[in-house]
Amino acid sequence: MSSVTSLVQSVDWLAVAPPTITAVVALAVLVADLFVPENRKPLLGWCAIGGLALAALSLVPLVAGDRRTFCLTTDPGVCSYAADHFAVVIQFLVLAGALLTALLSVTAIEDHRLPAGEFWFLLLSSAAGAALLPASRDLATLVIALEVASLPAFALVGLKRANRLSSEAALKFFLSSVTATAVMLLGVSFVYAATGSLHLSRVADALTHLPDPQLATLATAGVALTLVGFAFKTAAVPFHFWVPDTYVGAPLPVAAYLSVIGKAVGFSGLILVAVQGFPSYANVWGPAIAVLAALTMTVGNVAALRQAPDRAHSAVRLLAWSSVGQAGYLLVPIAAAGYADDAAHAIGSTVAYALMYAAVNLGAFGVAALVARTSPANRISDYRGLYARRPLAALALGFFLLCLAGLPPGIIGLFAKVTVFSAAVDAGLAWLAVVMAVNVVIALYYYLQWTAVLFRTAEEPAEAGTGVGAGAEAGVTAGTRAVPLAAAIALAAVLGIVLSGAPQLVLRFASGALL
């Protein structure tokens with residue numbers, strides 16, 4: 001028997017199917033790009049969309065069971081990959097979000113003349129890493145998955161090669177992410193030195209009874225540094241400075257991808273290391289994450305409130321700062337898990353909120369991409385009178401903004417906020433619940449202000465519409481080019497409406513047997 005087979009069991013290919021299919025399709029698209037003529041490049045996009053749909057369908061047989069693979073033969077209960085309920089839910093969020101991003105991107109690639117082969121390869125590669133991360137159960141696999149998800153995103157942000165804003169955004173994103181990775185790797189090395197293991201279950205056991213006080217100090221430093229690294233990835237304050245410029249400089253579908261999938265990656269990693277790897281240090285990371293949550297939601301919402309409607313790219317900047325504020329809400333249940341007796345219920349609140357946020361935020365970015373086709377500056381003032389020009393797009397954006405604000409008819413947004421609020425109250429974090437309530441009121445102002453702009457009379461004649469599609473727009477002049485964009489907006493709107501009709505399904509799906 002070889003040394004490799006003596007260390008690990010055989011691979012469960014069904015368990016690893018979602019990230020594997022995504023990675024294989026990424027390689028297939030990259031190779032096909034060498035042989036497909038220029039006029040047939042759009043086929044690569046539809047191959048990528050089909051691959052993401054297939055990867056999402058591969059989750060169906062994983063819903064019923066708890067499958068594990070890459071386990072130690074000396075201890076079959078210690079595994080590096082677990083397709084449990086938590087992993088499957090986050091993988092669904094990642095792959096469904098990547099699928100909507102791909103639909104948004106088909107039109108953007110043509111409009112901005114982006115290199116199709118490189119774009120689809122990078123998007124699929126990042127999605128493969130994002131799908132791998134929630135199933136990772138050792139620190140090495142966790143870090144590798146995080147970097148596989150992050151590294152292609154740098155190139156995606158800077159893919160508009162002739163655009164100075166795009167290059168600056170990619171550089172800022174790269175430098176901040178590399179710093180986060182360096183800090184996180186230092187923390188992981190400290191944890192490994194203190195515990196002698198990288199598997200989260202063994203790390204959790206070892207941290208409960210460290211024999212040497214010096215090892216305990218080293219472990220505490222490792223826990224803190226690891227959490228700081230993930231705070232960068234989640235855009236938590238004060239590690240958020242890269243977000244606005246990166247979103248403005250990136251192609252809008254890439255900004256949408258970062259706002260949803262990038263956050264899902266950071267939050268799932270933070271949940272795994274905190275709740276599964278470091279539960280004995282809950283008295284350290286619980287208060288720290290609670291403070292981060294309060295700072296993040298406050299800074300994000302106040303900055304969004306200050307966006308001038310006539311400033312260039314103010315719509316994208318508002319969505320960027322809004323995503324920082326939403327990250328603060330997502331951190332609240334994770335902080336509550338450090339105080340609560342039932343950590344799984346608290347984590348379920350974060351996942352439920354993330355599912356709601358993913359659908360409506362991708363939809364909002366989709367409408368922003370639609371408007372940007374005729375108003376490249378993408379100012380909030382450019383949306384004035386949108387209802388008169390593009391009624392379906394205006395109604396969709398209004399619905400998405402009301403969901404983010406937590407107001408009817410966006411019932412799913414209200415339900416998600418109440419769920420997060422109750423998680424804080426149940427954990428005894430009344431002060432954090434008060435901070436959240438104040439921030440929700442602040443956010444109401446700028447969401448409603450933008451919504452009101454949609455239905456005001458335009459000050460001057462609007463340019464001809466270019467959107468197409470039953471779900472988002474009916475502009476005939478654009479032909480079929482905007483159909484995928486409209487389809488993405490329509491899917492996001494339908495999903496938001498369905499979930500608003502039965503919001504309890506989200507929490508039930510998110511919290512069943514989590515962790």
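The structure presented is a predicted model; accordingly, all values stated were derived computationally and were not measured. Computation of the quantities below employed the complete heavy-atom set of this structure, encompassing side-chain atoms and omitting hydrogens, waters and symmetry-equivalent molecules. Index from 1, following the sequence.
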Results of side-chain hydrogen bond (donor to acceptor under 3.5 Å, both in side chains) for [X] - residues two or more places apart only:
X	value
Asp382	Arg379
Thr20	none
Ser259	Asn361

Any side-chain heavy-atom pair from [X] and [Y] closer than 4.5 angstrom?
X	Y	value
Thr107	Arg373	yes
Thr22	Gln91	no
Leu330	Thr234	no
Trp120	Ile109	yes
Leu370	Leu397	no
Val89	Leu93	no
Leu133	Val94	no
Val254	Leu159	no

Problem set entry | Leu252 vs Leu104, side chain to side chain contact (heavy atoms under 4.5 Å, CB included): CA-CA, chis, key distance, verdict | CA-CA 9 Å; Leu252 273 175; Leu104 294 176; over 6 Å; no
Is the side chain of [X] donor-acceptor paired with the backbone N or O of [Y] at a distance under 3.5 Å, no angle test?
X	Y	value
Ser166	Val157	yes
Ser422	Thr419	yes
Asn378	Ala368	yes
Ser500	Ile412	yes
Thr296	Ala293	no
Thr69	Tyr81	no
Tyr357	Gln326	no
Ser268	Ala264	yes
Thr141	Arg137	no
Ser375	Ala372	no

Nearest atoms (heavy-atom pairs only) where [X] meets [Y]:
X	Y	value
Pro484	Val106	CG-CG1, 3.7 Å
Leu95	Pro18	CD1-CB, 4.0 Å
Ala23	Ala128	N-CB, 3.9 Å
Leu402	Pro409	CD1-CD, 3.6 Å
Val243	Ser323	CG1-OG, 4.1 Å
Ser150	Ser177	CB-OG, 4.2 Å

Salt bridge (Lys or Arg N to Asp or Glu O under 4.0 Å) involving [X] - partner list, sequence neighbours excluded:
X	value
Lys263	none
Lys41	Asp33
Asp245	Lys172, Arg317

For this session: Please assess Met356 against Leu499 for the test side chain to side chain contact (heavy atoms under 4.5 Å, CB included), listing each intermediate value before the final yes or no.
Result: CA-CA 8 Å; Met356 177 282 300; Leu499 294 180; 5.8 Å; no
Distance from [X] atom [atom1] to [Y] atom [atom2], nearest 0.5 Å?
X	Y	atom1	atom2	result
Leu401	Leu448	CG	CG	9.0 Å
Leu132	Ile144	CG	CD1	8.5 Å
Leu444	Gln449	CG	CD	12.5 Å
Ile49	Thr101	CD1	OG1	10.5 Å
Ile347	Ile271	CD1	CD1	4.5 Å
Ile497	Cys403	CD1	SG	8.5 Å

Problem set entry | Summary of ring pair (Phe, Tyr, Trp, His ring centres under 6.0 Å) pairs that have at least one residue in residues 425-450, sequence neighbours excluded | Tyr383-Trp450
Exercise. Can you list every ring pair (Phe, Tyr, Trp, His ring centres under 6.0 Å) pair that touches residues 384-409, not counting sequence neighbours?
Worked result: Tyr387-Phe455
Which residues share a side-chain contact (heavy atoms from CB on, under 4.5 Å) with [X], sequence neighbours left out:
X	answer
Ala98	Leu52, Ala127, Tyr257
Ala32	Val36, Leu44
Leu151	Glu147, Phe154
Val440	Tyr329, Lys417, Met436

For this session: Starting from the C-alpha separation in whole Å, work towards a yes-or-no answer on side chain to side chain contact (heavy atoms under 4.5 Å, CB included) for Val273 and Trp285.
Result: CA-CA 10 Å; Val273 296; Trp285 56 258; over 6 Å; no
For this session: Would you check, one step at a time, whether the test side chain to side chain contact (heavy atoms under 4.5 Å, CB included) holds for Arg390 with Val371?
Result: CA-CA 10 Å; Arg390 301 170 172 173; Val371 172; 4.3 Å; yes
